[in-house]
Asker: 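Below is a structure I'd like to ask you about.
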Amino acid sequence: MNPKSTKKFATKTAIIISSIALIFLSTDNLKTANSNSLAQIPPFFEDSPPNLLKPPKQKKIPPSPPPTPAPTPPEQPLIFAPPAQFRGQIVYQANISNSKVIALTFDDGPTPETLKILEVLQQHNAVATFFCLGRNLREFPEIAKKVVQSGNAIGNHTWHHYYHDVTEKTASNEIDYTGIHIHRSTGTKSLLFRPPGGHLNNGLAAYAKKKNYVVVMWSIDPKDYLQQPPSTIANTVISQAKSGAIVLLHDGGGPRYNTVKALSIIIPKLKQQGYRFVTIPQLLEMQAAQKK
Ligand SMILES: [Zn+2]
């Protein structure tokens, strides 16, 4: 072996020895790391998945889940009806002393104005009752559907909004056909009736009572149909508010800008005073429950 080869051999041997030493060292480190691994993991990582340190266990692949069902629409009552004691009766307000509740009602819709009212109600997480005209239900069934889907109650306000005296046959046409269109547009039935103009003696209310409807009048009338300024409408409602009150407002019969604007004053103000807004069936159920 010449000196050059000797040097080469020595270098190779050195490399091999250091490699073996390195392998031993790193194996040792690895063992230490593994044995102390749990103690060394800071709490932050304690929830880390176990396969961070161990090879993942072979999991059985579960069968693929059934296709996600379409989201179900909000629960709709099949019928908007008052408790039995109120059927065939006239109600102006409810007697409720253990809770601060008010029922807002809107007459003469549904119309495109109704959508603006629904928007304000939804903004403030409030519900109301809408007394609809049959002819408007036929024209705007989708709006009526939206009224009910948003958690509001719907009621019957006749087909033509007659004030004059009617025969029983006409009353039947007015109320029954409107009922049919409530069902067609919303899939619900209603035993809530509001007589046009509040007239109780022209034959319409009598027919509704005979058919077991509750005749829903009101205790607060801010006369929004006269296009009063929003502040006047709002002040009337706020100053007369009391638990069990029924408020008369309109979502049809012309532009309802003032009503919508007033509503956005009334709801937050009365909420601030501790009032909740409920539908007519809810209001009457509360009175019935209180008397038990
Ligand atoms: Zn009306």
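Please read these numbers as outputs of a predicted model, since none were measured by experiment. Both backbone and side-chain heavy atoms feed into the values below; hydrogens, waters and symmetry mates do not. Just follow the structure's listing: the first ligand is 1, and inside any ligand the first atom is 1.
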Asker: So that I can tick it off, tell me whether Lys116 and Glu113 are bridged by a salt bridge, with the cut-off set at under 4.0 angstrom between side-chain N and carboxylate O.
Answerer: yes
Asker: Using 2.8 Å as the cut-off, count the protein N, O or S atoms closer than that to the Zn ion (ligand 1).
Answerer: 3
Asker: Examine distances only and state if a side-chain atom of Asn152 and a backbone atom of Val148 form a donor-acceptor pair shorter than 3.5 Å.
Answerer: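 Side chain of Asn152 to backbone of Val148: no pair is present.
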Asker: Between Arg194 and Thr105, is the side chain to side chain contact (heavy atoms under 4.5 Å, CB included) condition met? List the steps.
Answerer: CA-CA 10 Å; Arg194 170 153 296 155; Thr105 64; 2.7 Å; yes
Asker: Do the rings of His161 and His157 sit parallel, tilted or perpendicular, given the 30° and 60° boundaries?
Answerer: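 Correct class here is perpendicular.
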Asker: Between His199 and Tyr162, is the side chain to side chain contact (heavy atoms under 4.5 Å, CB included) condition met? List the steps.
Answerer: CA-CA 9 Å; His199 293 290; Tyr162 290 147; over 6 Å; no
Asker: How are the rings of Tyr213 and Phe193 set to each other: parallel, tilted or perpendicular (split at 30° and 60°)?
Answerer: perpendicular
